[in-house]
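To start, the structure itself, in structure tokens.
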Number of protein chains: 2
Amino acid sequence: MTGKRERTKTANREAILAAAREVFTKLGYGATTVRDIIRATDLASGTFYNYFKSKEEVFQAIQDENALRVRPRLRAERIRARSVEEFISGSFRTFFDYIATDRQTFAVIRRNADTMRVRMDTPEIIAGFDELRADIVKAIAEGIFPLVDADYLMAALVGVAFEVGEHMLSRDPVDTAAAANFATALFMGGFRALPTLARPAASAA
Amino acid sequence: MTGKRERTKTANREAILAAAREVFTKLGYGATTVRDIIRATDLASGTFYNYFKSKEEVFQAIQDENALRVRPRLRAERIRARSVEEFISGSFRTFFDYIATDRQTFAVIRRNADTMRVRMDTPEIIAGFDELRADIVKAIAEGIFPLVDADYLMAALVGVAFEVGEHMLSRDPVDTAAAANFATALFMGGFRALPTLARPAASAA
DNA sequence: CGGATTTGGAGACATGGCGTCAAATTCCGG
DNA sequence: CCGGAATTTGACGCCATGTCTCCAAATCCG
């Protein structure tokens, strides 16, 4: 890692990613051009293409780095779980905490004019989903989970995590614990078990 | 509506939308250019801009038409509901049936190379979400629903609908009833109430 | 250490999409 | 049938894109 060539290589790559993060945040993903990213570095246009094929690819690299940050945490949480409740609540808590912390990153996605939710098929993200699915299957095999449709369960978990997470961020103050409690209660006890806002749900019609 | 001017106007608009649908399906949203759409019509480039500002706007118009088709059905289902179960299951059934039927439309979205889920802020779609939220609030006020966080509940419903819907479409054969049952059970009874795949869930750990 | 070889950055260039605008055409009312 | 308004046309200037060649610097090797 000590060769000059190697050092400038990683430096350039980092420079491009940093510039991209900045310019994506400022202009939104849709509006930024490859040239905008290049201008935010001191590199030549041709150099960019030695590292990435398009702005899409830069974006994916950024996404990938993010996934690399959360994935192990989520995994650890699930492995540690000794019950359904721990599995579910741990996952939601970790995920919500993450997106609340790394808002800068999420701002990139939400500020995006053209897309609401972006590509979810970078290697890291796919690996994360696969992991989740495998852990669900394993939990079912071990009898921790009832024998349900693992794919649909995963889809439901992901859907709730993203949508509720999105709403959570738009509130002030951001209360990750409350959001996690809500989501967990939904999965654990279903609709009727959701925390009531004022008085306990005496009547369940 | 009988004037020639007026007729060509709607004809042109329709021509552009039809061309866009076709070309979006073929190339994907991200890859198509305004020029591609124009080329698929027999209009001049300038004419396009008399009708739409960008491909984004065309896409929104298409989305809007779709929402216009589902929204009343969903609404009717919710109004008809006399219990939580009817509210939830009716909504899921209707939504899943719709996306299963109108796959051509959903193909446009799913074939999209750049985005997974596209802008959801056309007037019709926003109105649809607002309606859903209002109906939830109303159901809570009437005591049909327990007093839960309406925003989070809506987010959860939407998240599950889209994610599970997506998975549903990737199966062969597409079983909308099963998907609706799954989602409904999740919301009604929570995790433990989900239909088991083989034997009844005798043990709820 | 110095010449040969490889690597990779620089930036000009051809291509093609973008949105505009003045001119041409079409429609409508008188 | 004519005048004026509305609408379409398509060429134009501008800019982003991705490629390609050239060259300097880094690495390798005797």
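Lettering follows sequence order; numbering is per chain, from 1.
Between B:Glu86 and B:Glu77 there is no side-chain heavy-atom pair separated by less than 4.5 Å.
In this structure, A:Leu27 places its CG atom 12 Å from P of D:dA16, rounding to the nearest Å. As a whole-Å value, the separation of B:Lys9 NZ from C:dC28 P is 11 Å. Between the CD1 atom of B:Ile38 and the C1' atom of D:dT9 there is a distance of 12 Å, rounded to whole Å. D:dT8 atom C1' lies 18 Å from atom CZ of B:Arg13, rounded to whole Å. In this entry the distance linking CG of B:Asn12 with P of C:dT25 reads 18 Å, nearest Å. Distance A:Ile16 CD1 to C:dG8 P: 13 Å, rounded to the nearest Å. Separating the CG atom of A:Asp36 from the P atom of D:dC15 is a distance of 13 Å, rounded to the nearest angstrom. Atom P of nucleotide C:dT26 and atom CD of B:Glu6 are separated by 20 Å, given to the nearest angstrom.
Salt bridge B:Arg71/B:Asp64: absent, no basic N to carboxylate O contact under 4.0 Å. Salt-bridge check for A:Arg21 with A:Glu65: passed, with a basic side-chain N closer than 4.0 Å to an acidic carboxylate O. Salt bridge annotation for B:Arg73-B:Asp97: absent, with no cationic side-chain nitrogen under 4.0 angstrom from a carboxylate oxygen. Salt bridge status for B:Asp135 with B:Lys138: absent, with no side-chain N to carboxylate O gap under 4.0 Å.
Between A:Tyr51 and C:dG9 there is a side-chain polar atom (N or O) within less than 4.0 angstrom of OP1 or OP2. Between A:Arg39 and D:dA16 there is a side-chain N or O to OP1 or OP2 distance below 4.0 Å. Considering only side-chain N and O atoms, B:Lys53 lies nowhere under 4.0 angstrom from the phosphate OP1 or OP2 of C:dG19.
Contact of B:Arg5 with D:dT7 (side chain to base): no donor-acceptor pair of N or O atoms is detected under 3.5 Å.
A:Phe92 and A:Phe187 have their aromatic ring centers within a separation under 6.0 angstrom.
Under the 30°/60° scheme for interplanar angles, the aromatic rings of A:His167 and B:Tyr152 are found to stand perpendicular.
With DNA chain C read from its 5' end, the first of the two nearest nucleotides for B:Tyr49 and A:Thr8 is the one closest to A:Thr8. For B:Lys4 and B:Thr32, each mapped to the nucleotide of DNA chain C holding its nearest heavy atom, the one lying further toward the 5' end belongs to B:Thr32.
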List every contact pair, protein side and nucleotides 10-12 of chain C side both N or O, where the distance is under 3.5 Å.
unit_1	atom_1	unit_2	atom_2	d
C:dA10	OP2	A:Ala44	N	2.8
C:dA10	OP2	A:Thr47	OG1	2.8
C:dG11	N7	A:Gly46	N	3.4
C:dG11	O6	A:Gly46	N	3.4
C:dA12	N6	A:Ser45	OG	3.4

